[in-house]
There are 2 protein chains.
Amino acid sequence: MKNSSTTSDNILACARNLIVAGGYNGFSYADIADMVGIRKASIHHHFPSKVDLVRTLVARYREEAELGMANLELQVSDPLELLRLYAGYWEACIADASAPFCICALLASQLPVLPEEVGLEVRAHFRSLSGWLTSVLERGARHGQLQLTSTPLAEAEAFMAAVHGAMLSARAYGDPKIFGVVTGPLLERLASRFPCDESRDGDGCSHDDQDERSST
Amino acid sequence: MKNSSTTSDNILACARNLIVAGGYNGFSYADIADMVGIRKASIHHHFPSKVDLVRTLVARYREEAELGMANLELQVSDPLELLRLYAGYWEACIADASAPFCICALLASQLPVLPEEVGLEVRAHFRSLSGWLTSVLERGARHGQLQLTSTPLAEAEAFMAAVHGAMLSARAYGDPKIFGVVTGPLLERLASRFPCDESRDGDGCSHDDQDERSST
DNA sequence: GACAAACTACCTACTAGATGGTAGGTTACA
DNA sequence: TGTAACCTACCATCTAGTAGGTAGTTTGTC
C-alpha cells in the first residue's frame, strides 16, 4: 500500500499496454524494464516469473471489471443504459487509444500457447462477462425494456462477440469509429421494442459516416 | 509444380497451424523445422526471413479466401445462403479443429507488433471480406431477401465482427458450439423479412415471391 | 552422348542478440 | 537489525539469420 508499491503498479501498467499491443509473447521483461526505468532483475523481485506477472495482471483486470460492472449496476438500473455504458466505455478507450483492446480478448486468441494459469484467468473473465450480460439482458427482456430475438444467454454471447469483433475491426482498419458502427445498431435493435416500426425515432440508424475505413 | 514444392507447402501449412495457435510471436523456425522434419536452415532456403514466410502465408490465405468467395458466388446466388455457407465453413473448421481461427483475425489482434508488410496483408483481407459481405448484404436487401436494420456496410461490419468474436468465444470457452449460438440467430434475423411477425413462417404477408430461404 | 555449369534442396556449424531467470551485493529506511 | 527495493553480473536457452558445403538434378554446348 505504501507508495513503493507504485513500482509494482507501474510494471503491471506497462505490461498491460504491451500485452494490449502484442499479446503474451509480444513483450519481454526487457521491454518493461525500459519503460518503467528499472533493471530487468528488479522486475523479478516484484514478479518472480512472467507467468506470475501476467496472471496477477489478468486477475487484477478481472477484479476491476467485476467491480466496474457492480458499480454500473449501483448507478444505473436501466438494462439498455447499462449496455450502452458498457459499450461506451470501450468506445472511449478505443477512441483515445488509452486501452484499445480488452486484454482478455487478446489473450484468448492465443489461448493454446498461454501458460495454463493465465488461460484459466482469461476463461474466467469470459464467463464472468457473459454472466453479467446475460443477467442484464434477461432483466431487460423480463421488464419489456429490451427486445431479444433469442435467449438471454445467446444474446449475451452475441453481444460479447460483437464487442470483441468490433475491437478487432477497429484495430484492423486503424479506425476507432468502426467500433460504434458495429455496436450502435446492435444497441438500437435491442432497444427497439417495435422493430417493424420504421419511424421508431428521429435519428434512425444514423451513423451516416461510413466512409471510415481509413486507408493506411 | 514438381513435388519438391511440397516442402514449401508443408512449411506454410505448419506455420499456419502455429500462427492459428499463438500468433506471429508464438512460433519459431525451430518449431516448424521439428514439424516438417527438416533443419532450421532449410526453411531459410524457402523463405529467407520470417517476414517473408508469414507475408507469403497471409497473401496466399487471402487469395484462397477471395477464390472461395468467388466460387461460392458461382455456385449459389441466394444472398442468405451465401452467408450461411460462409458461417458454416467456419463452424465446420472450428468443430473439427482443422483451422479453428482465421489467421487474419488472429494476426489483426497483434497488429501493433506485426511487421509492416504482414500488417498490410492482414488489413487487405479485412477490406476484402468486408467488401464481399457488403455486396452480398446489399444484394439481399435490394431483392428483398434480407432484412437489414442499418446500411449494408454497417451490417457487413457487424456480421464480420460477430464471426470473429464468435471464434474468440469458441476458443475461450473451449466449446465449438458457441460459434453457432452466436451466428445462428444473426442469420435468422437477417432472414426474417418481417421481424414483427411472430409467426413468420406462415407467410403472414403476401407477396412472398421468393421464399428461398434455401436449403443447404 | 559427354561433360561442365548452374541450379535446387538440403545439410552442419556457427553467430549475435534476445529471452526468462538467478546469485549475490548495495542502499535506504523503519 | 531487518527488510524491501533495487542493483550488477551472470547464465542457459532460444531467436532469426548466415556461411559454406554436399548431393542430386537440369540445362546448355560441343
Side-chain angles (χ1 to χ4, degrees), chain A residues 1-19 21-58 60 103 107 110 112-119 121, chain B residues 1-19 21-58 60 103 107 110 112-119 121:
Chain A
M1 296 321 163
K2 36 189 157 173
N3 70 348
S4 63
S5 75
T6 298
T7 296
S8 165
D9 290 342
N10 284 346
I11 292 168
L12 287 171
C14 290
R16 178 171 168 159
N17 288 337
L18 289 165
I19 287 180
Y24 189 83
N25 290 306
F27 76 101
S28 73
Y29 267 39
D31 296 326
I32 297 176
D34 284 347
M35 290 175 70
V36 177
I38 58 175
R39 295 309 167 117
K40 235 182 38 168
S42 306
I43 302 173
H44 286 283
H45 169 72
H46 296 277
F47 304 99
S49 77
K50 194 177 181 181
V51 175
D52 290 315
L53 169 58
V54 179
R55 184 177 31 74
T56 304
L57 174 60
V58 180
R60 189 171 295 193
I103 56 165
L107 289 174
Q110 314 180 336
V113 297
L114 246 41
E116 198 184 349
E117 301 159 78
V118 175
E121 291 287 342
Chain B
M1 296 311 169
K2 39 191 160 178
N3 70 349
S4 64
S5 75
T6 298
T7 297
S8 164
D9 291 341
N10 283 346
I11 292 169
L12 287 171
C14 290
R16 179 172 167 159
N17 288 337
L18 289 164
I19 286 179
Y24 188 84
N25 290 306
F27 76 100
S28 72
Y29 267 40
D31 296 326
I32 297 176
D34 284 347
M35 290 175 71
V36 176
I38 57 175
R39 296 310 169 114
K40 235 183 39 169
S42 306
I43 303 173
H44 285 284
H45 168 71
H46 295 278
F47 304 98
S49 77
K50 194 176 181 180
V51 175
D52 289 314
L53 169 58
V54 179
R55 184 177 29 74
T56 304
L57 174 60
V58 180
R60 187 171 295 193
I103 57 166
L107 290 174
Q110 312 179 341
V113 298
L114 246 40
E116 198 183 351
E117 301 159 77
V118 175
E121 291 287 341

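Naming: A, B, ... by sequence-line order, numbering from 1 per chain.
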> Any side-chain N or O of B:S49 less than 4.0 Å from the OP1 or OP2 oxygen of D:dA16?
Replying inline: no
>> Which nucleotide wins on minimum distance to the side chain of B:H46, given the candidates C:dC10, C:dT12, C:dG21?
In response: C:dC10
> Across the strands shown, which category fits B:F47 at heavy-atom distances under 4.0 angstrom: base, sugar-phosphate, nothing?
Replying inline: nothing
> Of all the nucleotides listed (C:dT19, D:dC7, D:dA16), which has the minimum atom distance to the side chain of A:K40?
Replying inline: C:dT19
> Taking the side chain of A:H44 as its heavy atoms from C-beta onward, which of C:dG20, D:dC7, D:dG17 lies nearest to it?
Replying inline: C:dG20
>> In whole Å, I'd like the distance from the CD1 atom of A:I38 to the P atom of C:dT26.
In response: 20 Å
> Between the side chain of B:D31 and the main-chain N/O of B:S28, is any donor-acceptor distance below 3.5 Å?
Replying inline: yes
> A:T6 and A:D9: side-chain donor and acceptor closer than 3.5 Å?
Replying inline: no
> Please give, in whole Å, the distance from C:dT22 P to A:I43 CD1?
Replying inline: 14 Å
> Taking A:Q110 for the side chain and A:Y24 for the main chain, is one N or O donor matched with an acceptor at less than 3.5 Å?
Replying inline: yes
>> Tell me the interatomic distance from B:R39, atom CZ, to D:dG17, atom C1', rounded to whole angstroms.
In response: 17 Å
> Out of D:dA4, C:dT19, C:dT8, which nucleotide sits closest to the side chain of A:H45?
Replying inline: D:dA4
> Given that A:A41 and A:D31 both sit by DNA chain C, which one's nearest nucleotide is further toward the 5' end?
Replying inline: A:D31
>> What is the separation between atom CG on B:D34 and atom P on D:dC14, rounded to the nearest whole Å?
In response: 11 Å
>> Can you confirm whether the side chains of B:N10 and B:T7 place a donor and an acceptor under 3.5 Å from each other?
In response: no
>> In this structure, how many angstroms lie between the C1' atom of D:dC14 and the OH atom of A:Y29, rounded?
In response: 17 Å
> Is a side-chain donor or acceptor of B:D52 paired with a backbone partner of B:S49 at a separation under 3.5 angstrom?
Replying inline: yes
> Atom NZ of A:K50 and atom P of C:dT22: how far apart are they, to the nearest Å?
Replying inline: 15 Å
> At under 4.0 Å between heavy atoms, what does B:S42 touch on the DNA or RNA strands: base, sugar-phosphate, or nothing?
Replying inline: base
